Every structure is written in structure tokens, then in C-alpha cells.
Amino acid sequence: VKRPCWLSTHTRATNMYSNKRVAIHCFNRYPLHDVDSYLKDYGCPIDAKVFCLSEVLQWFFRGCIRNEEPMVWCIASKRVYGLVYRWLNELPLED
């Protein structure tokens, strides 16, 4: 492979990958412990499921789906797959 293509899960606000038609997500996303603890101290707990789903969807949106083109999503984490599946099928987010 001359130019391997990988994208950090923290990548935001870029159009460099809007031509990509396949996305493989290999992370089980959770809020950072320090941020989660800080917000809990101020009465604003983070819902780990909603956090995970929003992070994953934002990550997938880096690809061609933003141009309303078909895209293949591959999700390695059973938990993340379940959350995306439930969201797509308008089911409650539960593990």
C-alpha cells in the first residue's frame, strides 16, 4: 500500500476523506474519565451510550455519506455495533 489511509477517532472538521466509501471502526468509545468525573461533580453526568453513538456517527460522517452517497460501515465492537443498530432502527439505546 503506497498511501495507507487511517483516521483517528478524534478527527473533526475535515473534508479530506469525503471520497471514502468504506469506514472500519475498531474502537469501543467511552467518555474520558477525567471529563466524566468533572461534569458529574457539577451535576451534568455523561450518558456513555449517547456519547459513544454521537462520536461514532460523527466519525463516519467524515466519509462520503456527507455527500448523500452510499457508504459501507464496518464496526468491530459488539457494543458500538449494537448502539448504531438500535439508533438506525429507532430502538432504545441499551447494552
Side-chain angles (χ1 to χ4, degrees):
V1 177
K2 288 183 180 181
R3 294 181 64 196
C5 182
W6 68 274
L7 186 59
S8 166
T9 59
H10 301 290
T11 302
R12 302 287 184 272
T14 180
N15 293 321
M16 290 177 52
Y17 304 94
S18 63
N19 64 327
K20 301 303 179 189
R21 299 191 178 284
V22 176
I24 302 171
H25 193 275
C26 298
F27 298 95
N28 192 3
R29 305 288 293 155
Y30 285 95
L32 295 173
H33 179 71
D34 293 343
V35 174
D36 187 41
S37 295
Y38 177 82
L39 291 173
K40 279 182 186 172
D41 288 347
Y42 287 93
C44 299
I46 298 173
D47 183 326
K49 296 171 195 161
V50 172
F51 173 83
C52 176
L53 185 59
S54 65
E55 289 283 302
V56 170
L57 294 176
Q58 196 170 147
W59 187 83
F60 282 135
F61 200 73
R62 298 297 110 214
C64 70
I65 198 167
R66 66 174 39 215
N67 302 324
E68 298 181 16
E69 297 173 9
M71 186 175 184
V72 175
W73 292 355
C74 303
I75 305 171
S77 167
K78 183 177 179 180
R79 174 180 169 262
V80 176
Y81 177 85
L83 290 171
V84 171
Y85 177 86
R86 287 181 182 97
W87 179 77
L88 287 171
N89 290 287
E90 299 182 7
L91 300 170
L93 298 180
E94 42 186 60
D95 284 332

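This is a predicted model, so every value here is computed, not measured.
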Novice: Show your working on side-chain contact (heavy atoms from CB on, under 4.5 Å) between Glu69 and Arg21 and close with a plain yes or no.
Specialist: CA-CA 8 Å; Glu69 297 173 9; Arg21 299 191 178 284; 3.0 Å; yes
Novice: Parallel under 30°, tilted from 30 to 60°, perpendicular over 60°: which one fits the rings of Phe60 and Trp73?
Specialist: parallel
Novice: Which heavy atom of Thr14 sits nearest to which heavy atom of Arg62, and what is that distance?
Specialist: O-NH1, 3.0 Å
Novice: What closest approach, in Å, do Cys52 and Arg29 show between heavy atoms, and which atom pair accounts for it?
Specialist: CB-O, 3.5 Å
Novice: Search all heavy atoms of Lys49 against all heavy atoms of Leu93 and return the closest pair with its distance.
Specialist: CD-O, 3.4 Å
Novice: Between Asn28 and Arg79, is there a donor-acceptor pair closer than 3.5 Å when you use the side chain of the first and the backbone of the second?
Specialist: no
Novice: How many angstroms lie between CG in Leu57 and CG in Leu88, if you round to the nearest 0.5 Å?
Specialist: 7.5 Å
Novice: Identify whether Phe51 and Val56 are in the same connected component of the hydrophobic contact network (ILVMFWY, side-chain heavy atoms under 4.5 Å).
Specialist: no
Novice: What is the ring orientation for Tyr85 with Tyr81, classed by angle as parallel under 30°, tilted 30 to 60°, or perpendicular over 60°?
Specialist: parallel
Novice: In the single-linkage hydrophobic clustering (I, L, V, M, F, W, Y; side-chain heavy atoms under 4.5 Å), do Leu53 and Ile24 co-cluster?
Specialist: no
Novice: For Trp87, is the CH2 atom crowded, meaning more than 12 foreign heavy atoms sit under 6.0 Å from it?
Specialist: no
Novice: Looking at Ala23 and Met71, what are the two nearest heavy atoms and their distance?
Specialist: CB-CE, 3.4 Å
Novice: Look at atom CG of Leu91 and say whether more than 12 heavy atoms of other residues, nucleotides or ligands are closer to it than 6.0 Å.
Specialist: yes
Novice: Answer yes if Phe61 and Val50 sit in the same cluster of Ile, Leu, Val, Met, Phe, Trp and Tyr residues linked by side chain heavy atoms under 4.5 Å apart, and no otherwise.
Specialist: yes
Novice: Indicate, with yes or no, if Ile65 and Met16 share a hydrophobic cluster defined by side-chain heavy-atom contacts under 4.5 Å among Ile, Leu, Val, Met, Phe, Trp and Tyr.
Specialist: yes
Novice: Looking only at heavy atoms, which two atoms of Cys64 and Pro70 are closest? And how far apart?
Specialist: SG-O, 3.1 Å
